[in-house]
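Below is one structure, written out as structure tokens, with a few remarks after it.
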Amino acid sequence: MSLARVLADLNPQQRKAVQHGEEPLLIVAGAGTGKTATLVHRVAWLIANGVPPGHILLLTFTRRAAAEMVRRAGAVLRRVADKGESVPMPGSSRVWGGTFHAIATRLLRRYGKAVGLNPRFTIHDRSDSEDLMNVLRSELGLAKTKIRFPQKATCMDIYSRCVNGREKLEDVVCAHFSWCKGRVDELKELFDAYVARKEAQNALDYDDLLVFWHALLTHPQVGPKVRSLFHCVLVDEYQDTNALQAEIIYALCPDGRGLTVVGDDAQSIYSFRGATVRNILDFPKHYPNTTVATLEQNYRSTQPILRAANAVIGLASQRYIKHLWSEHQTGQVPRLVTCEDEDDQAQFVANQVLEHREEGILLRRQAVLFRTAHHSMVLEAELAQRNIPFHKYGGLKFVETAHVKDLLAVLRLAENPRDEVAGTRLLLLLPGIGPVRARQLLRLLAEAGGDFQAWYQWRPPEACESLWPKLIQLLQGLATARQELPAQVHQVRLFYTPLLELHYDNPSPRARDLEQLEEIAARYGDRPSMLAEIALDPPSSTQDLAGPPQRDDDYLVLSTIHSAKGLEWDVVYVIHAADGCIPSDMATESPDQIEEELRLFYVALTRAKSCLYVCHPLRFFRGSSKFTDAHGLSQLTRFLPKGVQAEFRRVTWAGPDDDLQGGEYREAMALSSQRVRDQIRSRWS
DNA sequence: CTGTTGAAATTTTTT
DNA sequence: ATTTCAACAG
């Protein structure tokens, strides 16, 4: 009975969820309640009870989460096996783990023909999709209408919401993009062109991956076959799935047998991407014999931190049924730190981080969280100056930098000569080739059925006379490639380096990035999977690419709150807790948006295990220009009203120049500067 | 047609 | 500060 002994580590609610039978199961798991452990044990339990691993589908929010869970489930099974129980663990069949998009890619490569796909499709990431949208926008003459037409990014947002939310264009525009109401007809035209052009290019965007997966499942012949691949389907972070994803799940398990979903309605933070909390709330209605298991015992945070987090989520107008509690009764009360300005805030964080490290808390057990990527810029400078190593998650990704995209464009065009986005990007790099010639050349290539030989017919302008044949040879070599990936990247690099120097002011760090890319290319199996993996799960930095961080490598974590989802640290600093930052100015139009920002703040607070600092700089710069000295006073975030503040201890950061404290922060015994300002403001407000 | 220059607008979160 | 757009020279 060693499996039972392994399960004895879990609490009764968790155990009940793990050992639940075949009927549909909804696990409502509050922050830090051992959700991952429960899911991991359930996977292990299913396998131990005879479900072949290869028939289990585990859908997660990130690739990292999937890999982690599959690894841990394996570890649980090994523990069981060590104690003498025989466990079926056929090496040949592995759990299907990954994001919706990654799983869709795998299935479509194998079965996509049934829904009219060429299995060698390439994947357009967000910016590729925007590029294509932009091209069509100008082709259709929408770029210079009298009243400015929505930006490419906005067009993409609208399109994506229609597809993912399965909503009518009119409704989407009215609800979320009301300033585009007059443009519905033009948008329709644009989207028609967009769909057609993608098809012609044999390229899929993120949304297509889901749409075609769904189509595959509802296909009369192939659908049942694909469905029968999986006996059990487990979905993590269900509160952040969208309507289309819910339909995919429904198509996979129409009667809910073998279906487990896990989520927390209080942590839904992706509605801007079309996610809807209705999926989790209505789950029991869609699957009538659902069992709901609620996990409320929190193993992560101390009670004082939970009290603060509970108080914050208590401000929500929607009711959340859970009330988290913890056995760690004692602990430091969360600090609400008032700082003079952003520089002070950075100094406070840097000092405090070092102090905690003195106490023995490694840098990587501490994290700084913020609403938007650029909120950490001043802090990054401060950390760099003090030689404190850090690693930033979220924000601009390594593969989103221009030079990496350039290099990948060459590989992508070789892989799929119809990929116009990649082709245009590459051709525009050559001197003497602009948008018009690029389009001609791509048409020529398409007419030749993708044979790069056809480009020899073209007479290049002087500026690229010598480069032109080199490019053709490169592409022909890559198209017929039997070479290893690093060798392919190396060839592209040889061709591209002179162009890099031509196009960018400071080429050497960029050149180094590309050398790194060449080194790690060996980690990917083949070219199609490399391109797909990079599009679906962009590594955030070259460090990230270099593989799992070294054991003795210690660095502070900086992360957007969104990217911090599901993670935890001993010490958490939430910076820029000012109205306008949290909630973001961009997201205060509707009550729903504000409520999502509240949940976002709640997610940030619940990442902390033992120490929590919320920082509020009083002065901040509006806009990032140094010439426009437009800094103003900021208000504390509206999510910390008086009543909630009672769960915090207010302190003021004095700054290193303060003679009294010499860099220590001190308790705000007397009036903090915030309160002085409050007094002043009370004269008119 | 391309590539450069200067002026004007814009500024979240991400598979 | 960065990105996008329009105008002009080669």
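In what follows, chains carry the letters A, B, and so on, assigned in the order in which the sequence lines appear, proteins first and then strands, with residues in each chain numbered from 1.
Between Leu429(A) atom CG and dT2(B) atom P there is a gap of 14 Å when expressed in whole angstrom units. The distance between atom CD of Glu462(A) and atom P of dC1(B), rounded to the nearest whole Å, is 19 Å. For the pair Met377(A) CE and dT2(C) P, the computed distance is 8 Å after rounding to whole Å. The separation between His576(A) atom NE2 and dT11(B) atom P is 19 Å, rounded to whole Å. In this entry the distance linking CG of Leu441(A) with C1' of dT2(B) reads 14 Å, nearest Å. Going from atom CE of Met156(A) over to atom C1' of dT14(B) covers 12 Å, rounded to whole Å. Regarding Leu502(A), its CG atom lies at a distance of 8 Å from the P atom of dT4(B), rounded to whole Å. Atom pair Asp207(A):CG and dT14(B):P shows a separation of 17 Å (rounding to whole Å applied).
Both His562(A) and Arg437(A) lie near DNA chain B, and the one whose nearest nucleotide falls closer to the 5' end is Arg437(A). Position along DNA chain B of the nearest nucleotide to Leu536(A) versus Met586(A) favours Met586(A) as the more 5'-ward residue.
Remark: Thr99(A), His101(A) in residues 95-108 of chain A come within less than 4.0 Å of DNA chain B through at least one heavy atom.
dT13(B) has Phe272(A) stacked on its base ring, the centres lying under 5.5 angstrom apart and the planes within 30 degrees of parallel.
In the set dT13(B), dC1(B), dT15(B), dT13(B) carries the atom at the smallest distance from any side-chain atom of Thr372(A). Picking from dT12(B), dT13(B), dT14(B) the nucleotide with the shortest atom distance to the side chain of Ser563(A) gives dT14(B). Checked against dT12(B), dT2(B), dT14(B), the side chain of Pro435(A) finds its nearest nucleotide in dT2(B). The listed nucleotides are dG3(B), dC1(B), dT13(B); the one nearest the side chain of Pro431(A) is dG3(B).
Between the side chains of Glu342(A) and His576(A), at least one donor-acceptor pair of N or O atoms lies under 3.5 Å. Judged by distance alone, the side chains of Ser529(A) and Glu533(A) never bring a donor and an acceptor atom under 3.5 Å apart.
For Arg126(A) against dT14(B), no side-chain N or O and base N or O form a donor-acceptor pair under 3.5 Å.
Using a 4.0 Å cut-off between charged side-chain N and carboxylate O, Asp125(A) and Lys405(A) make a salt bridge. By the 4.0 Å N-to-carboxylate-O rule, Arg64(A) lies too far from Asp537(A) to be salt-bridged with it. Electrostatic pairing of Arg412(A) and Asp128(A) counts as a salt bridge here, judged by a charged N lying under 4.0 Å from a carboxylate O. The pair Glu237(A)-Lys35(A) meets the salt-bridge criterion, with a side-chain N (NZ, NE, NH1 or NH2) lying under 4.0 Å from an Asp/Glu carboxylate O. Of the charged side-chain nitrogens involved, none lies within less than 4.0 Å of a carboxylate oxygen, so that Asp207(A) and Arg126(A) do not count as a salt-bridged pair.
Counting only distance, with no hydrogens or angles, the side chain of His101(A) and the backbone of Leu209(A) share no donor-acceptor pair below 3.5 Å.
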Under 4.0 Å protein heavy-atom contact, by nucleotide of nucleotides 4-10 of chain C - B base, S sugar-phosphate only: SS-----
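Nucleotides dT4(C) and dT13(B), compared at atom P, are 15 Å apart to the nearest Å.
Within 4.0 Å (heavy atoms only), Ile433(A) reaches sugar-phosphate atoms of the nucleic acid but no base atom.
Summarising the local packing, CD of Glu139(A) is surrounded by more than 12 heavy atoms from other residues, nucleotides or ligands at distances under 6.0 Å.
Classification of the His403(A)-Tyr504(A) ring pair by plane angle, with boundaries at 30° and 60°, yields perpendicular.
The side chain of Thr560(A) contributes an N or O atom lying less than 4.0 Å from OP1 or OP2 of dT14(B).
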